[in-house]
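What follows is one structure encoded as structure tokens, with my remarks underneath.
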Amino acid sequence: MEAIVDQTAKVDPMNKVNTELSKENPEAHDLSGLETVGIPFTDTAKMSMRDVNVFYADKQAIFDVSLDIGQNEVLAMIGPSGCGKSTFLRCLNRMNDTIDICSVQGSLKLEGQDIYDPKLDVVPLRARVGMVFQKPNPFPKSIYDNVAYGPRIHGLVNRRTDLDEIVETSLQKAGLWKEVRDRLHSPGTGLSGGQQQRLCIARTIAVSPEVILMDEPCSALDPIATAKIEELIAELSENFTIAIVTHSMQQAARVSHRTAYFHLGKLVEVNETEKVFTNPDHKLTEAYITGRFG
Amino acid sequence: MDKLNLDQHISRQFNADLEELKTQLLEMGGLVEQQTINAVKAITTPDSDLAERVLVTEEEVDARELKLDENCTLVLARRQPAASDLRMVLSVARITRDLERMGDEAHKVAKMAIHLNEHGEAPRGYVELRHIGTIVHQMVISALDAFARFDVDLAISVAQEDKKVDQEYKSAMRELATYMMEDPRSISRVLNIIWALRALERIGDHAANIAEHVIYLVKGLDVRHQSLQEMERQVKEQ
């Protein structure tokens with residue numbers, strides 16, 4: 001599954017954080033003592049994170065973030081570039097393990113199980129917590145093989161007919177089946193951008209994950225393809241728990257149940273999405289979503 | 001979040017758009033406030049020319065309602081405002097509607113003024129008209145001030161005044177009904193006064209609505225259809 005790791009992860013994240021921090025006036029943003037406002041915790045937590053701190057070498061990117069993601073919830077994470085939202089998302093299936101200088105502290109649990117337990121194998125973890133990246137990244141294989149890849153390597157099927165069924169069901173759930181049923185053995189890379197992204201979603205759900213992480217899944221797509229993905233997110237939330245990082249506030253407002261606002265590595269506010277976009281509790285959230293100087 | 005910082009957007013055009021909405025609304029409010037005071041003067045003085053001016057202003061108020069609605073639609077379509085900006089646009093649209101209706105009510109009072117001038121004065125009711133007219137006029141001014149200054153306390157005082165107007169209105173109704181029973185020949189003219197009082201009372205209701213929209217704008221609380229005590233409690237708790 002290592003092959004799925006997004007290319008953007010290779011950008012030096014420490015450099016990114018430094019650049020963003022240096023743009024800010026530190027006096028205008030004294031966030032020491034900042035406590036998350038709103039409702040970061042739920043009674044139906046699928047994933048529970050407590051006091052999470054993330055470092056790139058000696059540079060801290062995430063500060064004491066505590067947050068639950070509820071069962072069948074769509075949680076949107078928003079915030080300016082370099083605020084740590086993608087870093088935090090990547091912690092949720094240990095995608096940051098691929099970055100040597102990255103260290104994660106705190107408690108991160110999936111249904112009570114510590115996902116950073118050294119004895120835990122990350123491969124099955126990433127099957128349970130799947131990820132969809134910003135840029136559609138289908139394998140240079142056929143549409144069928146893209147979706148069948150996960151079930152094959154995880155040994156989820158023994159018979160060809162079972163695999164066919166998983167491929168069909170996954171493509172149907174991803175809303176792509178009707179468009180590709182006649183060309184399952186054509187290359188996945190020959191699809192349009194929106195179709196490729198839905199293929200990646202089909203590939204993710206083929207291994208029956210419990211949680212799907214999406215890192216700006218629509219930023220490379222046109223509005224029609226975006227609308228299809230958003231529609232899909234609503235449908236998928238019936239069966240999966242979803243955490244989505246997005247730069248589009250309208251997208252967060254449209255698809256999510258709760259919205260979390262990150263600022264300079266801190267979790268400023270988590271609230272019902274309706275509340276965040278009509279009357280947020282924190283002035284930094286208000287400044288960000290209304291396009292004001294924060 | 002009492003201070004709305006409407007001029008703090010990264011987009012200066014967005015600052016200008018919102019400021020323009022606010023200015024246009026206050027201009028429309030100024031017209032309606034003038035209509036209210038002129039209508040009360042026209043019926044109590046009496047002065048048919050002044051009443052005619054109220055009728056003419058009504059057309060201007062209607063035109064401004066259309067313009068403000070259009071501008072609110074444009075801001076929504078272009079900017080997709082959120083949080084306090086969204087509440088600002090929604091409040092302006094709602095207040096515009098109330099102002100237009102206040103204009104309609106002032107129009108009714110002016111018509112009664114002309115009618116009474118043509119058919120002879122009513123024997124009673126002018127004291128009540130002046131009294132309620134003064135309170136309602138002040139409510140209109142305060143409601144617009146509350147909007148201009150995002151002043152929740154002032155908005156609450158407008159809602160409190162509305163209770164007073166309701167009581168004064170009921171009391172005037174009782175007195176005028178008694179008078180009509182005693183002197184049935186006066187019924188037609190006293191009814192004109194009653195219609196005018198009713199219109200003023202409605203202007204007070206709309207001013208109270210504006211106060212509620214101001215509370216929504218500043219606090220994000222929807223306090224419509226609630227008792228005054230409940231409204232005060234919610235505002236205090238936040």
Side-chain angles (χ1 to χ4, degrees), chain A residues 20 23-25 28-29 34-35 37-39 76-83 218-219 223 226-227 230 246-263 268-294, chain B residues 1-22 72-95 147 150 152 155 212-224 226 231 234-238:
Chain A
E20 293 303 326
K23 282 184 198 164
E24 307 281 345
N25 170 5
H29 293 283
L34 180 138
E35 300 234 336
V37 297
I39 38 172
M77 299 188 218
I78 60 171
S81 295
C83 70
C218 300
S219 61
T226 298
E230 288 180 2
T246 176
H247 269 303
S248 161
M249 255 102 56
Q250 279 79 28
Q251 179 166 70
R254 286 191 294 262
V255 304
S256 68
H257 302 123
R258 274 187 313 151
T259 297
Y261 174 62
F262 286 77
H263 190 96
V268 174
E269 173 166 357
V270 189
N271 255 319
E272 301 286 341
T273 296
E274 184 188 301
K275 165 94 175 139
V276 169
F277 287 94
T278 56
N279 192 19
D281 282 331
H282 203 286
K283 64 180 188 333
L284 284 172
T285 317
E286 169 104 9
Y288 180 69
I289 64 165
T290 59
R292 285 170 166 83
F293 298 103
Chain B
M1 219 160 292
D2 288 10
K3 204 161 163 258
L4 294 183
N5 295 326
L6 291 178
D7 58 348
Q8 297 288 307
H9 294 92
I10 295 161
S11 161
R12 274 182 291 174
Q13 186 55 48
F14 194 11
N15 291 339
D17 288 348
L18 289 177
E19 193 56 41
E20 180 66 13
L21 280 186
K22 191 179 170 193
C72 286
T73 308
L74 280 178
V75 172
L76 288 172
R78 282 187 180 147
R79 305 280 175 189
Q80 292 103 47
S84 58
D85 298 335
L86 177 64
R87 301 202 304 273
M88 178 72 185
V89 179
L90 289 177
S91 301
V92 167
R94 288 171 184 168
I95 293 173
F147 170 75
F150 306 131
V152 170
E212 290 171 357
H213 302 325
V214 171
I215 293 170
Y216 173 71
L217 167 61
V218 180
K219 295 281 184 186
L221 289 171
D222 196 340
V223 293
R224 290 176 296 178
Q226 285 178 8
M231 179 196 293
Q234 281 195 25
V235 169
K236 203 172 167 186
E237 270 182 12
Q238 212 205 21

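Sequence lines set the chain letters: A, B, ... in the order given, protein chains first and strands last, and positions in each chain run from 1. Note that the structure is predicted; figures quoted are calculated from it, not measured.
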task: Could you point out which residue of B:Ile10, B:Asp7, B:Asn15, B:Asp85 forms a side-chain contact (heavy atoms from CB on, under 4.5 Å) with A:Arg292?
output: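 The single option meeting the side-chain contact (heavy atoms from CB on, under 4.5 Å) with A:Arg292 is B:Asp85.
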- prompt: Can you tell me how far the CG atom of A:Asn279 sits from the CD atom of B:Gln238, to the nearest 0.5 Å?
  reply: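 CD of B:Gln238 is found 6.0 Å from CG of A:Asn279.
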- prompt: To the nearest 0.5 Å, what is the distance between OG1 (A:Thr278) and CZ (B:Arg87)?
  reply: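 If I round to the nearest 0.5 Å, the distance is 7.0 Å.
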- prompt: Would the number of heavy atoms belonging to other residues, nucleotides or ligands and lying under 6.0 Å from CD of A:Glu35 be above 12?
  reply: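 Atom CD in A:Glu35 is not crowded, with 12 or fewer foreign heavy atoms closer than 6.0 Å.
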- request: State whether the number of non-hydrogen atoms from other residues, nucleotides or ligands found under 6.0 Å of A:Glu274 atom CD is greater than 12.
  value: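 Check fails, neighbour count at 12 or below.
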message: Please classify the contact of B:Leu86 with chain A as side chain, backbone, both or neither, using a heavy-atom distance under 4.5 Å.
response: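 Contact with chain A: side chain only.
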- prompt: What part of B:Leu18 gets closer than 4.5 Å to chain A, counting heavy atoms only: side chain, backbone, both or neither?
  reply: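 Contact with chain A involves no heavy atom of B:Leu18 at all.
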- request: For residues B:Ala83 and A:Thr290, report the shortest heavy-atom separation together with the two atoms involved.
  value: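 In this case the closest contact between B:Ala83 and A:Thr290 is CB-CG2, 3.8 Å.
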field: Partners meeting salt bridge (Lys or Arg N to Asp or Glu O under 4.0 Å) with A:Lys275 (sequence neighbours left out)
entry: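 With sequence neighbours excluded, A:Lys275 shows a salt bridge (Lys or Arg N to Asp or Glu O under 4.0 Å) to A:Asp281, given in chain and number order.
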